[in-house]
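One structure is given below, encoded as structure tokens.
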Amino acid sequence: MRNILIVVLGPTGVGKTDISIELASHFDTEIISADSRQFYREMSIGTAVPSDIQLNKINHHFIKCLSVKDYYSASLFERDVLKILPELFRRKNIVLMIGGSGMYIDAVCNGIDDIPDVDPTIREKLTKQYKEEGIESLRVALKLLDPEYYAKVDLRNHKRIIRALEICESAGRPYSLFLTKNKSERNFGIIKIGLERERDDLYERINHRVDIMVEHGLEEETRQLFDLRGLNALNSVGYREFFDFFEGKISREKAIELIKRNSRRYAKRQITWWSKDKDIRWFKPEEEKELIGYIADSINTDN
RNA sequence: GGUGCCAUAGCUCAGUCGGUAGAGCAACGGACUGAAAAUCCGUGUGUCCCCGGUUCGAUUCCUGGUGGCACCA
């Protein structure tokens, strides 16, 4: 039987964790987390990592394996997942990958173009330029270095422009030359499962989950990370809002309210990301039997 | 029971000296290749409480309801 990676995705708060534990038990396998914030061991409460009970019951990978100080990326995730998969497939025919980080999931499923590494000081320099001279100066540079990308990039999004510029400068060639969009071949099958809920239901769960996080000590977890708040990993929902509270910019109540709102908006962005992926088969969380049946059928048909 | 005030977007409210309406928040839609829980773009979504009346035309003025609030009993 061919090896298969079963990807379970869905917006934040939809109930991925609980179902993934059920699925892993049922199919007797392990879980790869594809959540770009659950990687960090300093961030537990605010990222809703699986409970210790769940972690003890099922073998998890890529949970709390990094420090917020570490650099990480979708590309590194692709590399690291492809590195451990052969060993997992030696033990199990199917492996679960659960998460909500669309780009990370795509990197594993489709691959991501090979683009040279960049010296961090180049990005720092460009970021400084952006802050001091504004986005127009970045546009001018990009138009010169990579007119092709300039023509199609969102010229109001400084992160996209900085990314392109740092590659141009670092590689000495236009960024657009590296973007092949070719899909990588994988030597395993992939089944994508999406979990969905009615919007009202999802938002209610998100709001409630934030209250639970606060009860469980999110404020304290965040306070301990205050000095590191400039790090990218901490530019995350649930953390940035509390940092603003600690700095006196907003009230505690406002911070909690904003965590709820920003979580809802994040969920919407996730839904948008997956809306065009026709390979995803969507299920409601209560359709667990159908879901298990679908996976079992897929395993038998996929060759 | 009486008197007064109010009723407009999901919420809080503004406004139209009569020509079918707009702010904030919330919400909705979209983009996305090593920062992605990031970053960026777009969109008012409305029986102006209800039934009548006056008027060419009523969300606006008038009668009567209904609901809410306040005060007096």
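Not measured: the values here are computed from a predicted model. So that the names make sense, note that chain A is the first sequence line, chain B the second, and so on, each numbered from 1.
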>> Closer than 3.5 angstrom, by distance alone: can the side chain of Q270(A) be matched with the main-chain N or O of T12(A) as a donor-acceptor pair?
In response: yes
>> It should be established whether Y72(A) places a side-chain nitrogen or oxygen under 4.0 Å from OP1 or OP2 of nucleotide rG34(B).
In response: no
> What is the nucleic acid contact for T47(A), judged by heavy atoms within less than 4.0 Å: base, sugar-phosphate only, or nothing?
Replying inline: base
>> Return whichever of R264(A) or S75(A) has its heavy-atom-nearest nucleotide of RNA chain B closer to the 5' end.
In response: R264(A)
>> Distance check, P atoms only: rU45(B) and rA23(B), in whole angstrom units.
In response: 13 Å
> Nearest-Å distance, CD (E148(A)) to C1' (rU33(B))?
Replying inline: 14 Å
>> Just to verify, what does H61(A) make a side chain to side chain donor-acceptor pair (under 3.5 Å) with, not counting sequence neighbours?
In response: E30(A)
> Does OP1 or OP2 of rA26(B) have a side-chain N or O of R265(A) closer than 4.0 Å?
Replying inline: yes
> I206(A) has an atom CD1; how far is it from atom P of rA26(B), in whole Å?
Replying inline: 15 Å
> Please give, in whole Å, the distance from rG34(B) P to N110(A) CG?
Replying inline: 14 Å
> Does OP1 or OP2 of rA36(B) have a side-chain N or O of Y104(A) closer than 4.0 Å?
Replying inline: yes
> Rounded to whole angstrom units, what separation is found between the CD1 atom of I112(A) and the C1' atom of rC32(B)?
Replying inline: 11 Å
>> For K284(A), is there any backbone N or O sitting under 3.5 Å from a side-chain donor or acceptor partner on E287(A)?
In response: yes
>> Under the rule for ring-ring contact (aromatic ring centres under 6.0 Å, His included), what residues qualify as partners of F89(A), not counting sequence neighbours?
In response: F188(A)
> Atom CD1 of I161(A) to atom P of rU33(B): distance rounded to whole Å?
Replying inline: 12 Å
> Would you call E87(A) and R90(A) a salt bridge, taking side-chain N to carboxylate O under 4.0 Å as the test?
Replying inline: no
> With sugar-phosphate meaning primed atoms plus P, OP1 and OP2, does Y40(A) contact a base, only sugar-phosphate, or nothing at under 4.0 Å between heavy atoms?
Replying inline: nothing
>> Over all strands shown, is F39(A) touching base, sugar-phosphate only, or nothing at heavy-atom distances under 4.0 angstrom?
In response: nothing
> Do K181(A) and D113(A) meet the salt-bridge criterion of a basic N to acidic O distance under 4.0 Å?
Replying inline: no
> Between E169(A) and K125(A), is the closest basic N to carboxylate O distance under 4.0 Å?
Replying inline: yes
>> Does L76(A) reach a base, just sugar-phosphate, or nothing at all? Heavy atoms under 4.0 Å.
In response: nothing
> Rounding to the closest angstrom, what is the interatomic distance between rG44(B) and rC25(B) at atom P?
Replying inline: 16 Å
>> Could you tell me how far rG10(B) sits from rC28(B) if I compare only their P atoms? Round to whole Å.
In response: 14 Å
> According to the ring-ring contact (aromatic ring centres under 6.0 Å, His included) rule, which pairs have a member within residues 109-141 of chain A, sequence neighbours left out?
Replying inline: Y130(A)-H158(A)
>> For a quick check of understanding: with a heavy-atom distance under 4.0 Å over all strands, which category does R199(A) fall into, base, sugar-phosphate or nothing?
In response: sugar-phosphate
> When we call it a touch if two heavy atoms are under 4.0 Å apart, what does G238(A) touch: a base, just sugar-phosphate, or nothing?
Replying inline: nothing
> What form does the base of rG34(B) take, syn (within 90° of 0) or anti?
Replying inline: syn
> Taking both distances under 3.5 Å as the test for a Watson-Crick or G-U pair, what stems of at least three pairs does RNA chain B have?
Replying inline: B:1-7 with B:66-72, B:10-13 with B:22-25, B:27-31 with B:39-43
>> Work out how far the C1' atom of rG64(B) is from that of rG52(B), and round it to whole angstrom.
In response: 8 Å
>> Salt bridge check, K64(A) against E42(A): does any charged N sit closer than 4.0 Å to a carboxylate O?
In response: no
>> Expressed as a whole number of angstroms, how long is the span from L126(A):CG to rA35(B):C1'?
In response: 14 Å
> CZ of F77(A) versus P of rU33(B): gap in Å, rounded?
Replying inline: 18 Å
>> Please report the distance separating the C1' of rG42(B) from the corresponding atom of rC32(B), rounded so that it comes out in whole Å.
In response: 15 Å
Enumerate the protein-to-nucleotides 38-40 of chain B contacts in which both atoms are nitrogen or oxygen and the separation is below 3.5 Å.
from, atom 1, to, atom 2, distance (Å)
rA38(B), OP1, R240(A), NH1, 2.4
rA38(B), OP2, R269(A), NH1, 2.3
rA38(B), OP2, R269(A), NH2, 3.0
rA38(B), O3', N235(A), OD1, 2.9
rA38(B), O2', K159(A), NZ, 2.1
rA38(B), N1, R160(A), NH2, 3.2
rU39(B), OP1, R240(A), NH2, 3.3
rU39(B), OP2, R240(A), NH2, 3.2
rU39(B), O2', N157(A), OD1, 2.4
rU39(B), O2', N157(A), ND2, 3.4
rU39(B), O2, N157(A), ND2, 2.8
rC40(B), O4', N157(A), ND2, 3.2
rC40(B), O2', D154(A), OD2, 2.6

> Mind checking the C1' distance from rU66(B) to rG29(B)? Whole angstroms is fine.
Replying inline: 38 Å
>> I'd like the C1' distance from rU54(B) over to rU60(B), given in whole Å.
In response: 14 Å
> Just how far is it from atom CD1 of I94(A) to atom CD1 of I295(A), taken to the nearest 0.5 Å?
Replying inline: 6.5 Å
> Is any side-chain nitrogen or oxygen of S101(A) closer than 4.0 Å to OP1 or OP2 of rA36(B)?
Replying inline: no
> Quick one: ring-ring contact (aromatic ring centres under 6.0 Å, His included) pairs with a partner in residues 95-129 of chain A, sequence neighbours left out?
Replying inline: F39(A)-Y104(A), F77(A)-Y104(A)
> Which is true for D35(A) with a 4.0 Å heavy-atom rule: it touches a base, it touches only sugar-phosphate, or it touches nothing?
Replying inline: base
>> Closest-nucleotide mapping onto RNA chain B: is G102(A) or K268(A) further toward the 5' terminus? I mean the 5' end.
In response: K268(A)
> What does K276(A) touch in the nucleic acid at a heavy-atom separation under 4.0 angstrom: a base, only the sugar-phosphate, or nothing?
Replying inline: base
>> Students often get this wrong, so: under 4.0 angstrom with heavy atoms, is D114(A) touching a base, only sugar-phosphate, or nothing?
In response: base
> Quantified in whole Å, what is the P atom distance between nucleotide rC61(B) and nucleotide rG18(B)?
Replying inline: 8 Å
> Roughly, in whole Å, what's the span from CD in E257(A) to C1' in rC25(B)?
Replying inline: 9 Å
>> Any carboxylate oxygen within less than 4.0 angstrom of a Lys/Arg side-chain nitrogen, looking at E219(A) and R223(A)?
In response: yes
